[in-house]
Amino acid sequence: MPVTNCNLLRKSVFLLLVFSISACDKGLAPPPPPPTISGNIYFKGTPKDSVQTLLVVLVEAKPPFLASYLLAGAVDGSILAASLSMTFHDTAYSIVVKPDTTYNYLAVAQKYGYDVTKDWHAVAFAHDEKDSALTFTLKPGEQKTGVDLIVNFDSLPRQPFIP
């Protein structure tokens with residue numbers, strides 16, 4: 001009898017050990033870094049309107065949208081934004097995004113007047129060779145680099161806003 005109990009105990013310990021080892025996926029491995037979109041912004045020309053604010057904005061909604069959507073989206077998290085220097089020197093940007101979320105419009109937005117809900121221009125946007133806005137959906141840990149934007153104040157892009 002004692003031999004059978006010993007064998008049963010050995011089998012139980014062995015199965016427990018196998019189960020414990022197979023249940024570990026990566027142990028205490030750190031989580032992947034947050035997904036980011038980054039690139040450079042290049043400036044050309046002279047602003048035609050007063051420039052009160054410059055932002056890099058990443059928008060979930062497809063254009064066109066109301067300019068007031070920028071403000072509402074910043075509050076509800078459907079628009080991500082990073083402030084830019086007002087010196088108009090070429091600069092780098094990086095925006096941390098929500099994983100597995102599709103963003104349909106990446107742009108540099110200029111606030112030029114006093115009405116925060118209306119007085120905005122897009123002064124650059126990420127687009128393909130057919131002038132269609134690029135979309136981005138990043139997985140956890142994914143990095144999208146080299147998404148450069150060219151701000152040409154002498155020739156603004158088509159606007160995504162509904163008047």
Side-chain angles (χ1 to χ4, degrees), residues 12-44 51-112 116-153 156-162:
S12 297
V13 169
F14 177 75
L15 288 174
L16 184 61
L17 184 61
V18 168
F19 176 74
S20 296
I21 292 172
S22 66
C24 294
D25 55 356
K26 294 181 182 169
L28 296 175
T36 60
I37 298 173
S38 62
N40 293 302
I41 300 171
Y42 302 99
F43 292 93
K44 296 179 180 180
V51 179
Q52 296 177 353
T53 304
L54 276 177
L55 299 173
V56 176
V57 294
L58 190 57
V59 183
E60 287 182 32
K62 290 183 180 183
F65 37 80
L66 295 170
S68 61
Y69 180 72
L70 291 175
L71 186 60
V75 172
D76 73 17
S78 63
I79 293 179
L80 304 176
S83 183
L84 294 175
S85 167
M86 300 290 281
T87 61
F88 309 117
H89 294 299
D90 297 348
T91 187
Y93 75 93
S94 181
I95 296 180
V96 174
V97 302
K98 295 180 277 187
D100 300 316
T101 299
T102 298
Y103 295 94
N104 290 289
Y105 194 74
L106 171 66
V108 176
Q110 168 194 338
K111 182 177 171 295
Y112 59 87
V116 73
T117 64
K118 294 181 183 173
D119 296 341
W120 291 91
H121 287 306
V123 293
F125 76 103
H127 57 87
D128 62 18
E129 60 281 344
K130 294 180 181 176
D131 205 34
S132 296
L134 296 178
T135 60
F136 303 91
T137 306
L138 279 64
K139 301 288 181 207
E142 187 176 356
Q143 312 295 308
K144 180 71 175 170
T145 61
V147 183
D148 297 339
L149 300 164
I150 300 172
V151 174
N152 185 349
F153 288 112
L156 295 181
R158 62 186 163 83
Q159 296 300 299
F161 304 115
I162 299 169

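The structure displayed is predicted, hence computed values, not measured ones.
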Checking the side chain of D119 only, and the main-chain atoms of K111 only, is there a donor and an acceptor separated by less than 3.5 Å?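 Side chain of D119 to backbone of K111, a donor-acceptor pair under 3.5 Å: no, none is there.
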
Backbone of P34 reached by a side-chain donor or acceptor of Q143 within 3.5 Å: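 Yes: the side chain of Q143 pairs with the backbone of P34.
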
pair [X]-[Y]: side-chain heavy atoms closer than 4.5 Å:
X: Y93; Y: V108; answer: no
X: R158; Y: D131; answer: yes
X: L54; Y: V123; answer: yes
X: D100; Y: P140; answer: yes

Nearest-0.5 Å distance that lies between atom [atom1] in [X] and atom [atom2] in [Y]:
X: L156; Y: F125; atom1: CG; atom2: CZ; value: 11.5 Å
X: I162; Y: L66; atom1: CD1; atom2: CG; value: 5.0 Å
X: E142; Y: T137; atom1: CD; atom2: OG1; value: 9.0 Å
X: I150; Y: I41; atom1: CD1; atom2: CD1; value: 11.0 Å
X: T101; Y: F136; atom1: OG1; atom2: CZ; value: 14.0 Å
X: N104; Y: S78; atom1: CG; atom2: OG; value: 11.0 Å

Closest heavy-atom pair and its distance - [X], [Y]:
X: F161; Y: A122; answer: CE1-N, 3.8 Å
X: A61; Y: Y105; answer: O-CB, 4.4 Å
X: P160; Y: P63; answer: CB-CB, 3.7 Å
X: V51; Y: M86; answer: O-CE, 2.8 Å

Could you check whether the rings of F153 and F43 sit parallel, tilted or perpendicular, using 30° and 60° as the cut-offs?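 Ring orientation, 0 to 90° scale: parallel.
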
Give the ring-plane orientation class for Y112 versus H121, where under 30° counts as parallel, over 60° as perpendicular and anything between as tilted.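 Judged by the thresholds at 30° and 60°, the geometry between Y112 and H121 is parallel.
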
Step by step, would you call Y103 with I95 a side chain to side chain contact (heavy atoms under 4.5 Å, CB included)? CA-CA 12 Å; Y103 295 94; I95 296 180; over 6 Å; no

Quick test of your reading: applying side-chain hydrogen bond (donor to acceptor under 3.5 Å, both in side chains), list the pairs with at least one residue in residues 79-88, sequence neighbours left out, ordered by first then second residue.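 Every pair satisfying side-chain hydrogen bond (donor to acceptor under 3.5 Å, both in side chains) with a residue in residues 79-88: S85-T87.
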
Starting from the C-alpha separation in whole Å, work towards a yes-or-no answer on side chain to side chain contact (heavy atoms under 4.5 Å, CB included) for I37 and L138. CA-CA 9 Å; I37 298 173; L138 279 64; 4.1 Å; yes

Given side chain to side chain contact (heavy atoms under 4.5 Å, CB included), test K144 with V97 step by step and report yes or no. CA-CA 10 Å; K144 180 71 175 170; V97 302; over 6 Å; no

Can you sort out the partners of E60 under salt bridge (Lys or Arg N to Asp or Glu O under 4.0 Å), two or more places apart, ordered by chain and number?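 By the salt bridge (Lys or Arg N to Asp or Glu O under 4.0 Å) rule, E60 matches K98.
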
